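Written below as structure tokens is the structure these notes are about.
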Amino acid sequence: MRWLWVRHGETEMNRQKRYLGHSDVSLNEQGRNEAKELAKRLMYAGSKPVQLYSSDMRRCVQTAQPLAEAWNVPLTIVPALRELSFGDWELLTYEQLMEQDGERATRWYDDPFKHAPPNGESLRQLGERVDHWLHGVFAETSADESDTKVFVTHGGVIRWFQTAWLEREPSRYWQMEGLKHGEALLVEWDGQRWMKQSLTNERGS
């Protein structure tokens with residue numbers, strides 16, 4: 001089986017480098033273009049997926065819609081694929097956060113599994129939420145190599161999958177290089193573990 005992970009396109013809050021978790025904002029012009037270009041590229045990157053899932057945040061739905069249209073597959077909205085909630089720190093820049101709540105922010109950076117933003121989620125809570133849903137998807141998915149499912153979600157969720165599922169080292173969460181906006185990651189289950197696959201089978205490559 002194959003899973004294709006897609007990070008949503010850019011929003012104005014992303015451009016301004018603000019903490020964007022459960023705040024529901026739309027793609028900006030660049031993000032909309034990234035979504036369209038990604039749909040074009042992925043049309044030629046492999047077989048048609050059997051299912052397309054998206055976080056319920058608008059930025060993800062707007063990224064997923066061109067994919068649904070290109071592949072002609074239904075879009076399923078999944079709240080479990082939401083980004084980490086930054087609680088009271090939502091939409092702050094790093095500089096604003098350190099100025100307003102630097103002590104708690106430092107504790108969170110040092111141990112995001114134990115600590116959480118005020119009224120937000122710890123990394124452990126994010127992992128439990130995502131893992132619970134993914135285990136259900138995994139259990140109902142055929143091991144057939146052509147069975148591809150697509151997940152349109154957020155940088156934090158994808159980074160969690162990369163560290164906890166792909167590398168099996170969730171403690172490396174902060175060190176993991178995640179996907180940029182509008183980028184995709186293809187992985188395949190070999191019967192024992194997930195392996196990263198190339199997305200270079202595009203037309204003209």
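Not measured: the values here are computed from a predicted model.
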Hey, are the side chains of [X] and [Y] touching, using non-hydrogen atoms and a 4.5 Å cut-off?
{"X": "Phe161", "Y": "Val130", "answer": "no"}
{"X": "Glu95", "Y": "Glu99", "answer": "no"}
{"X": "Leu97", "Y": "Pro117", "answer": "no"}
{"X": "Glu121", "Y": "Phe86", "answer": "no"}

### Message
Check the orientation of Trp174 and Trp108. Use parallel for under 30°, tilted for 30 to 60°, and perpendicular for over 60°.
### Response
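Trp174 vs Trp108 ring planes: perpendicular.
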#### Entry: Aromatic plane relationship, His8 with His181 - under 30° parallel, 30 to 60° tilted, over 60° perpendicular
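The arrangement is tilted - the two ring planes meet at 30° to 60°.
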Closer than 3.5 angstrom, by distance alone: can the side chain of [X] be matched with the main-chain N or O of [Y] as a donor-acceptor pair?
{"X": "Glu12", "Y": "Asn28", "answer": "no"}
{"X": "Lys149", "Y": "Gln51", "answer": "no"}
{"X": "Arg58", "Y": "Ser26", "answer": "no"}
{"X": "Thr153", "Y": "Ser55", "answer": "no"}
{"X": "Arg129", "Y": "Ala80", "answer": "yes"}
{"X": "His22", "Y": "Glu83", "answer": "yes"}
{"X": "Asp88", "Y": "Asn119", "answer": "no"}
{"X": "Glu183", "Y": "Arg7", "answer": "no"}

Do you know the tightest heavy-atom contact between [X] and [Y]?
{"X": "Met1", "Y": "Trp3", "answer": "SD-NE1, 4.1 Å"}
{"X": "Ala64", "Y": "Ser54", "answer": "CB-CB, 3.9 Å"}
{"X": "Thr163", "Y": "Met176", "answer": "CG2-CB, 3.6 Å"}

### Query
Pick from Leu52, Leu4, Leu75, Val73: which one makes a side-chain contact (heavy atoms from CB on, under 4.5 Å) with Leu67?
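Single side-chain contact (heavy atoms from CB on, under 4.5 Å) partner of Leu67 among Leu52, Leu4, Leu75, Val73: Leu52.
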Check for me, please, whether [X] and [Y] land in the same ILVMFWY cluster - side-chain distances under 4.5 Å, paths through other members count.
{"X": "Val25", "Y": "Met57", "result": "no"}
{"X": "Leu126", "Y": "Ile158", "result": "yes"}
{"X": "Leu27", "Y": "Phe151", "result": "no"}
{"X": "Trp133", "Y": "Trp194", "result": "yes"}
{"X": "Val150", "Y": "Leu42", "result": "yes"}

### Query
Between Val157 and Trp5, is a side chain to side chain contact (heavy atoms under 4.5 Å, CB included) present by the stated rule, with each step listed?
CA-CA 10 Å; Val157 174; Trp5 292 87; 4.1 Å; yes
Measure the spacing between [atom1] of [X] and [atom2] of [Y] and express it to the nearest 0.5 Å.
{"X": "Glu177", "Y": "Arg172", "atom1": "CD", "atom2": "CZ", "answer": "10.5 Å"}
{"X": "His154", "Y": "Arg159", "atom1": "NE2", "atom2": "CZ", "answer": "14.0 Å"}
{"X": "Leu186", "Y": "Leu199", "atom1": "CG", "atom2": "CG", "answer": "5.0 Å"}
{"X": "Cys60", "Y": "Arg82", "atom1": "SG", "atom2": "CZ", "answer": "10.5 Å"}
{"X": "Glu188", "Y": "Arg2", "atom1": "CD", "atom2": "CZ", "answer": "4.5 Å"}
{"X": "Glu128", "Y": "Leu123", "atom1": "CD", "atom2": "CG", "answer": "10.0 Å"}

### Message
Test side-chain hydrogen bond (donor to acceptor under 3.5 Å, both in side chains) on Gln30 and Glu34; report intermediate values, then the result.
### Response
CA-CA 6 Å; Gln30 179 172 325; Glu34 288 169 343; 3.1 Å; yes
### Message
For Met98 and Thr106: C-alpha separation, side-chain torsions, deciding distance, then whether side chain to side chain contact (heavy atoms under 4.5 Å, CB included) applies.
### Response
CA-CA 8 Å; Met98 297 308 291; Thr106 299; 3.5 Å; yes
### Query
Is atom CE of Met195 surrounded by more than 12 heavy atoms (other residues, nucleotides or ligands) closer than 6.0 Å?
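Open: at most 12 neighbouring heavy atoms sit under 6.0 Å from CE of Met195.
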### Query
What residues, two or more places apart in sequence or in another chain, satisfy side chain to side chain contact (heavy atoms under 4.5 Å, CB included) together with Leu91?
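Result, side chain to side chain contact (heavy atoms under 4.5 Å, CB included) vs Leu91: Met13, Leu20, Ser23.
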### Task
Start with the C-alpha distance between Arg18 and Thr93, add both sets of side-chain angles, then the distance that settles side chain to side chain contact (heavy atoms under 4.5 Å, CB included), and finish with yes or no.
CA-CA 4 Å; Arg18 297 181 182 276; Thr93 65; 3.7 Å; yes
### Message
The criterion is salt bridge (charged side-chain N to carboxylate O under 4.0 Å, His left out); which residues satisfy it with Arg193, sequence neighbours excluded?
### Response
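Arg193 satisfies salt bridge (charged side-chain N to carboxylate O under 4.0 Å, His left out) with no residue once adjacent residues are dropped.
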### Query
Can Trp89 and Arg104 be said to form a side chain to side chain contact (heavy atoms under 4.5 Å, CB included), step by step?
CA-CA 11 Å; Trp89 297 344; Arg104 279 196 292 189; 4.1 Å; yes
### Message
Determine whether Arg32 and Glu29 satisfy the following criterion, salt bridge (charged side-chain N to carboxylate O under 4.0 Å, His left out), listing intermediate values before the conclusion.
### Response
CA-CA 5 Å; Arg32 291 190 292 272; Glu29 183 177 359; 5.3 Å; no
### Query
Which residues pass the ring pair (Phe, Tyr, Trp, His ring centres under 6.0 Å) test with His135, sequence neighbours left out?
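With neighbours one apart ignored, the set is Trp165.
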### Message
Closer than 4.0 angstrom, basic N to acidic O: yes or no for Arg41 and Glu37?
### Response
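No, Arg41 and Glu37 are not salt-bridged.
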